Each structure stands twice: as C-alpha cells, then as structure tokens.
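Working notes, beginning with the structure itself.
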Amino acid sequence: MLRVRFAPSPTGYLHVGSARTFIFNWLYARRNGGTMILRIDDTDLERNTDESLQSILEGLKWLGLNWDEQYRQSDRLDLHRRLALDMLAKGLAYRDFTVAGPEAEDSDKSHSGATWLSNPGQREMSEEESDRRAAAGEPFVIRYRVPRGTGEVIRFTDAVYGEQAKSTDDIEDFALLRSSGAPTYHLASCADDVDLRISHIVRGQDHLTNTFKHILIFRAAGVEPPQFAHLPLLLAPDGSKLSKRKHGPVVSVTTYRDSGFMPQAFVNFFCLLGWSPKDDREKMTLDELKQVFSFEGINRSNAVINFSETDPFDAKAVWLNAEHIRTMPVAELSGHLMPVVNAAGFGVTAEKMLQITPLIQERIRLLNEVLAVADFFLVDELAPYDSAELIPKKGDAAMAVRALRQALISLAAAEFTHDGLEAALRAGAETLGIKAGQMFEPIRVAVCGRKTAPPLFGTLEVLGRETALARIEKAIAKLN
RNA sequence: GGCGCUAUCGUCUAACGGUUAGGACGGAGCCCUCUCAAGGCUUAAAUACGGGUUCGAUUCCCGUUAGCGCUACCA
C-alpha cells in the first residue's frame with residue numbers, strides 16, 4: 001500500500017517550495033494509485049496560527065490537487081509522547097535536565113570546532129537520580145541516546161540522492177520531547193509516519209541529513225523506515241534559500257494566483273524546477289505529468305527561480321502560463337477571465353466575454369493582463385489619449401481626418417462581420433488613395449484609444465456599429 | 001568549526017565513456033503582418049579548477065574552490 005504525506009507547518013502563507021513538495025507527493029501518489037495524506041505539522045505552538053492554516057488550505061485548494069486523508073498533529077500528541085516515554089523506559093532515550101537559555105545556546109558548540117553530541121553529565125546520569133529529579137518536578141527534555149563509539153553507520157538509499165551513510169558518532173543526542181511535554185518535530189513526524197503507515201517520504205533536501213535521526217527513531221519504534229525521496233531546494237537568484245522573510249510575497253502561492261496564473265501552469269512550472277521528463281517537452285498538462293512522473297527524473301542540484309526586483313516571476317513561468325492560456329478552449333478561458341474582469345469593477349456578460357476572448361487569447365500571458373489589453377471593450381468612455389496618436393505613419397492630421405470621415409461612411413454601410421468590415425475599410429482606403437495601414441491606424445486609435453490593440457476587424461465587430469461610429473466621431477472632433 | 005549534499009549557456013534542463021555538448025525561457029536579428037501578439041527562420045551563450053583512470057572523459061575516482069543544507073526544547 002503506497003502512502004505519502006505532505007506535512008506543512010502553519011507558520012505562514014503557503015510557500016512555493018512547499019507547494020512544489022506537495023505537487024511531487026501528489027504526482028507520485030496519483031501515478032501509482034497510492035493514498036495522498038495531508039498532515040498539519042503544528043507542534044510549534046508558539047509560531048503556528050489558524051490564519052496560516054487557512055491560507056495553506058486555500059492555496060492547496062487553488063492548485064486543484066486533492067488529498068484523501070487529513071490529520072493534525074496537535075490532535076495526536078499522546079501518540080508522540082507515548083513513543084518518547086517508551087523509548088525512555090527502554091533506555092533508548094534519557095532525560096536532560098540542562099536548562100536551556102540564550103547563553104547555553106551557542107557558548108561552546110558552534111565556534112569551538114568540537115562537535116556537540118550531548119550535555120556533559122546528562123546522558124551518563126543514573127536511572128535513580130534521573131527518576132528522582134523528575135519526580136521532584138525538575139524540568140527536563142528527553143533526548144535520543146545515540147549509540148557512541150560503536151562505529152555504527154546508519155545507511156539508507158534515497159530515491160533521488162542515492163546511497164547515504166553517516167556514522168552515529170556524527171549524530172548528536174537530539175531532543176524528542178520538550179520540557180513542556182510537547183514533542184519536537186523529529187519525534188512527532190516519525191511517530192505519525194509510523195502510525196499512518198507512510199510508505200514514502202517525499203520532502204525537501206533540507207531534511208536529507210535529518211533522515212539519519214529519523215531512521216534512529218523508526219528503529220526505536222520497531223519498524224522498518226519508509227522509502228525516502230528528497231527534493232532539491234528552490235533558490236533565489238542570488239543563490240540564497242527562498243525565504244518568506246527575505247524575499248517577501250514572491251514566495252507565496254497566492255501571489256501567483258492573484259496575478260493571474262493558471263493552477264495547471266503553476267504546477268507545470270514548478271515540476272520543471274528540479275525535474276525533467278527527459279525529453280524536450282515543456283508545456284505539459286496535469287494528466288501528462290501524472291503519466292510520466294518518476295523520481296528518476298529528479299535532479300540533485302538546487303534550482304533557482306529567476307525573478308527580479310522588477311519582475312516577481314520567472315520568465316519561463318509566465319511563458320508557460322501563456323502557453324496554457326493559448327491552448328485552452330475559448331469558453332474555458334472566458335470563464336476564467338470573467339471573475340478577473342468583474343473583480344476589477346466591470347460588469348461583463350458571459351456572452352460579451354466570450355466574444356472578446358478569442359481576440360485577446362494569444363495576447364495575454366497572465367489572466368490579469370485582460371484588464372490592460374481589453375479595457376476599451378469594457379468601458380463606455382475611452383480613457384483620454386493624445387490626438388497625435390491618430391495620425392498615421394507617413395501622414396498628417398488632415399489625412400487622419402479624411403480617413404476617419406471615410407470610415408464613418410464605410411462603417412455606416414458595412415456588414416459588421418470580420419470579412420465585411422475588412423472589405424469595406426480596404427475599399428475606403430482605396431477611395432482615398434491611401435495605404436490600408438494608413439486607413440486602419442487612425443481607426444484603431446479612435447476605437448481603442450491606443451496604437452497597440454487586437455486585430456481591427458474583429459475588434460470592430462465586437463464593439464458594434466454604434467460604439468465604433470461614436471468613438472470615431474469623437475476622434476474627428478479631437479483633431480479639429 | 002564538524003557532518004552531509006551539489007556543480008553543463010544568464011535561468012530551467014538533455015546527453016549507455018565516443019554528439020559539431022541538444023532543447024526551452026530570456027536576448028539579438030530576419031520573415032509574416034492592419035498595430036500588438038502568435039507563428040516561422042537565424043544567431044550569441046555552458047561542461048567551475050587541478051589531477052588521475054581510459055585509446056577516449058560533461059559522464060568514473062581523488063583533491064581544490066564555490067554554493068547550499070544540517071549542526072535548536074523551529075519545522
């Protein structure tokens with residue numbers, strides 16, 4: 001039975017790195033018919049908030065990837081504690097009565113060069129003394145009694161990083177239970193992995209070295225450790241680890257959502273960061289990803305998200321989003337655009353949006369760009385523009401006026417379809433003896449308020465005769 | 001400091017020990033064209049460094065350097 005879990009801790013919004021870990025877990029589970037479990041690792045009572053939990057759930061929901069079971073570690077504290085106490089009873093762990101404090105913290109372990117393994121006198125304390133002091137109410141933390149001087153080497157095979165080995169002499173006596181009685185991450189995580197019968201742990205590479213400790217806990221719990229697959233980390237352009245504190249909202253999933261990314265493009269992009277299908281495919285649907293995903297394709301080196309001060313998104317993410325937008329059925333895209341447009345305060349009907357969509361489909365990279373690209377379809381009154389914009393290339397104001405007057409005549413009679421409009425306007429240009437482009441330019445600006453816009457005939461068709469004529473008349477007035 | 005992981009164009013990546021080191025994004029240029037896009041074509045751009053092993057190393061081994069991670073009663 002294949003069971004994987006994604007275990008975020010609710011200490012902030014959903015981080016893109018976490019989202020990527022979730023995606024890889026999901027892909028692996030769904031690819032192999034396994035069970036996807038969401039476990040909220042909220043053992044850090046100080047830092048986790050309900051608000052953060054909600055935002056994580058919201059982010060995961062947006063991704064559109066479902067899970068089968070859900071747990072919360074704070075509901076399972078007894079289970080964790082029991083394992084620690086059991087280890088204590090078996091002598092696999094011991095009480096450490098050293099009081100933690102700012103000074104005790106870094107006094108001699110970080111700079112002395114000596115490896116910190118355990119607090120002197122604690123590990124060796126007799127059972128009687130330990131029990132007596134505990135009974136007297138003295139606070140303590142429970143630590144793993146890591147084998148010393150046995151020359152033992154802990155080994156495991158990581159699905160991504162291959163054979164891993166570390167001497168127990170290099171593993172410190174890490175804490176299992178805090179003086180408050182609360183479990184540490186290592187304890188809670190492993191106890192739950194055992195209880196939930198997790199078969200594969202897929203997580204960030206920052207846990208690669210922690211894995212040796214975890215294997216020790218699994219051993220103490222009397223079970224075979226699960227399979228491990230560690231993922232390369234996501235880095236900022238300067239090579240530093242992506243962090244909420246340092247890099248701000250660019251690491252939040254909601255930033256992508258709110259800027260107009262499609263969830264499937266988001267998934268596509270983050271899959272490609274550290275994983276490759278080994279062929280030249282880049283744009284892939286969720287189904288395609290699900291079909292080809294495997295740990296073999298995962299890279300071992302960290303990947304950088306190439307964002308900058310001016311652009312919070314990697315250009316490739318934006319391009320991929322554009323690819324997804326372009327290849328999507330018009331009706332579907334239109335449905336995604338509706339809420340964006342309405343949220344900006346425009347009231348569009350579904351049919352109007354459906355008409356606009358094909359004109360802008362290959363012109364927007366992010367959903368939100370619809371507002372900048374299609375604004376003139378949505379407003380009654382065009383935003384003010386410089387009348388000089390109306391003057392065509394190699395022409396003057398007089399030519400612009402003539403073109404617009406002719407447009408009035410041509411459009412009044414034209415059939416308002418793409419082909420009908422094209423025929424009418426080309427004929428109009430011919431009548432005036434000017435180039436078609438010189439005819440179209442003033443009309444485009446008159447009708448769109450700017451030189452860069454979707455193709456003219458389709459635009460006019462959607463705008464309709466009445467609006468088109470009114471805007472052209474205004475433009476003529478501007479030129480006088 | 002100790003322990004561990006990693007190293008191919010700016011970025012993401014491909015390459016059974018034998019390739020003119022491939023693709024993509026981004027950049028530059030050209031074509032198409034009613035503007036903008038989209039599309040097509042062309043182009044610049046990489047095996048960190050030093051030693052081995054081998055007939056032959058991007059690929060295997062060692063070292064150096066650099067980056068990252070862990071080294072908390074955080075996760």
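Small disclaimer: the values here were computed from a predicted structure and weren't measured. Below, chains carry the letters A, B, ... as their sequence lines are ordered, and counting in each starts from 1.
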[X] vs [Y] aromatic rings, parallel, tilted or perpendicular, using cut-offs 30° and 60°?
X: A/Phe261; Y: A/Tyr256; value: tilted
X: A/Phe266; Y: A/Phe270; value: tilted
X: A/Phe295; Y: A/His200; value: tilted

Do A/Phe212 and A/Asp170 have side-chain heavy atoms sitting under 4.5 Å apart?
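In short, these two side chains do not touch, never coming nearer than 4.5 Å.
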
Could you check whether any side-chain heavy atom of A/Leu411 comes within less than 4.5 Å of a side-chain heavy atom of A/Phe416, counting everything from C-beta outward?
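With C-beta onward as the side chain, the pair touches.
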
[X] [atom1] - [N] [atom2] separation (whole Å):
X: A/Leu235; N: B/G10; atom1: CG; atom2: P; result: 17 Å
X: A/His186; N: B/A72; atom1: NE2; atom2: P; result: 9 Å
X: A/Leu117; N: B/G2; atom1: CG; atom2: C1'; result: 10 Å
X: A/Lys213; N: B/G2; atom1: NZ; atom2: C1'; result: 13 Å
X: A/Asp173; N: B/C3; atom1: CG; atom2: P; result: 18 Å
X: A/Asn321; N: B/C12; atom1: CG; atom2: P; result: 20 Å
X: A/Tyr185; N: B/C70; atom1: OH; atom2: P; result: 11 Å
X: A/Gln205; N: B/A75; atom1: CD; atom2: C1'; result: 16 Å

Under 3.5 Å: donor-acceptor pair, side chain of [X], backbone of [Y]:
X: A/Gln406; Y: A/Thr431; result: no
X: A/Lys283; Y: A/Ala265; result: no
X: A/Gln438; Y: A/Lys394; result: yes
X: A/Gln122; Y: A/Phe97; result: yes

Is any side-chain nitrogen or oxygen of [X] closer than 4.0 Å to OP1 or OP2 of [N]?
X: A/Asn302; N: B/A7; result: no
X: A/Lys278; N: B/A14; result: yes
X: A/Arg143; N: B/C73; result: yes
X: A/Arg300; N: B/U6; result: yes
X: A/Ser301; N: B/C5; result: no

Check every strand shown and say whether [X] touches a base, only sugar-phosphate, or nothing at a heavy-atom separation below 4.0 Å.
X: A/Pro454; result: base
X: A/Asn299; result: sugar-phosphate
X: A/Lys241; result: sugar-phosphate
X: A/Ser9; result: sugar-phosphate
X: A/Leu456; result: base
X: A/His207; result: base
X: A/Gly274; result: sugar-phosphate
X: A/Arg450; result: nothing
X: A/Phe140; result: nothing
X: A/Val141; result: base
X: A/Asp206; result: sugar-phosphate
X: A/Thr11; result: nothing

Which nucleotide wins on minimum distance to the side chain of [X], given the candidates [options]?
X: A/Ala303; options: B/G69, B/C12, B/C34; answer: B/C12
X: A/Asp170; options: B/C34, B/C3, B/A14; answer: B/C3
X: A/Arg363; options: B/C5, B/U13, B/U35; answer: B/U35
X: A/Arg326; options: B/G69, B/G39, B/C5; answer: B/G39
X: A/Lys166; options: B/G4, B/C3, B/U11; answer: B/C3
X: A/His418; options: B/G4, B/C34, B/A75; answer: B/C34

Nucleic acid footprint by protein, nucleotides 18-25 of chain B - heavy-atom cut-off 4.0 Å, B for base, S for sugar-phosphate alone
-----BBS

Which value, in whole Å, describes the distance between the [atom1] atoms of nucleotides [N] and [M]?
N: B/U53; M: B/G67; atom1: C1'; value: 28 Å
N: B/U8; M: B/C49; atom1: C1'; value: 15 Å
N: B/C30; M: B/C36; atom1: P; value: 13 Å
N: B/G52; M: B/A28; atom1: C1'; value: 42 Å
N: B/A48; M: B/U6; atom1: C1'; value: 12 Å
N: B/A7; M: B/A15; atom1: P; value: 13 Å
N: B/G22; M: B/A14; atom1: P; value: 15 Å
N: B/A75; M: B/G17; atom1: P; value: 43 Å

Mapping A/Gln164 and A/Ile305 onto RNA chain B by nearest heavy atom, which one lands closer to the 5' end?
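The residue closer to the strand's 5' end, by nearest nucleotide, is A/Gln164.
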
Can you work out whether A/Asp42 or A/Glu362 has the more 5'-proximal nearest nucleotide on RNA chain B?
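Here A/Glu362 is the residue nearer the 5' end.
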
Base-pairing mate for [N] - Watson-Crick or G-U, with both contacts under 3.5 Å:
N: B/C32; result: none
N: B/G1; result: B/U71
N: B/A7; result: B/U65
N: B/A15; result: none
N: B/G27; result: B/U43

Using only modelled atom types and a 3.5 angstrom limit, is any donor from either the side chain of A/Ser180 or the base of B/C73 paired with an acceptor on the other?
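When only heavy-atom distances are counted, A/Ser180 does not reach the base of B/C73 through any donor-acceptor pair under 3.5 Å.
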
Decide yes or no on salt bridge (Lys or Arg N to Asp or Glu O under 4.0 Å) for A/Lys213 and A/Glu172, but give the supporting numbers first.
CA-CA 9 Å; A/Lys213 296 174 191 167; A/Glu172 73 281 5; 2.9 Å; yes

Ring pair (Phe, Tyr, Trp, His ring centres under 6.0 Å) for A/His230 and A/Phe24? Distances and angles first, verdict last.
CA-CA 10 Å; A/His230 286 90; A/Phe24 283 136; over 10 Å; no

Regarding A/Asn306 and A/Asp314, is there a side-chain donor-to-acceptor distance under 3.5 Å anywhere?
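Checked: A/Asn306/A/Asp314 side chains show no N/O donor-acceptor pair below 3.5 Å.
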
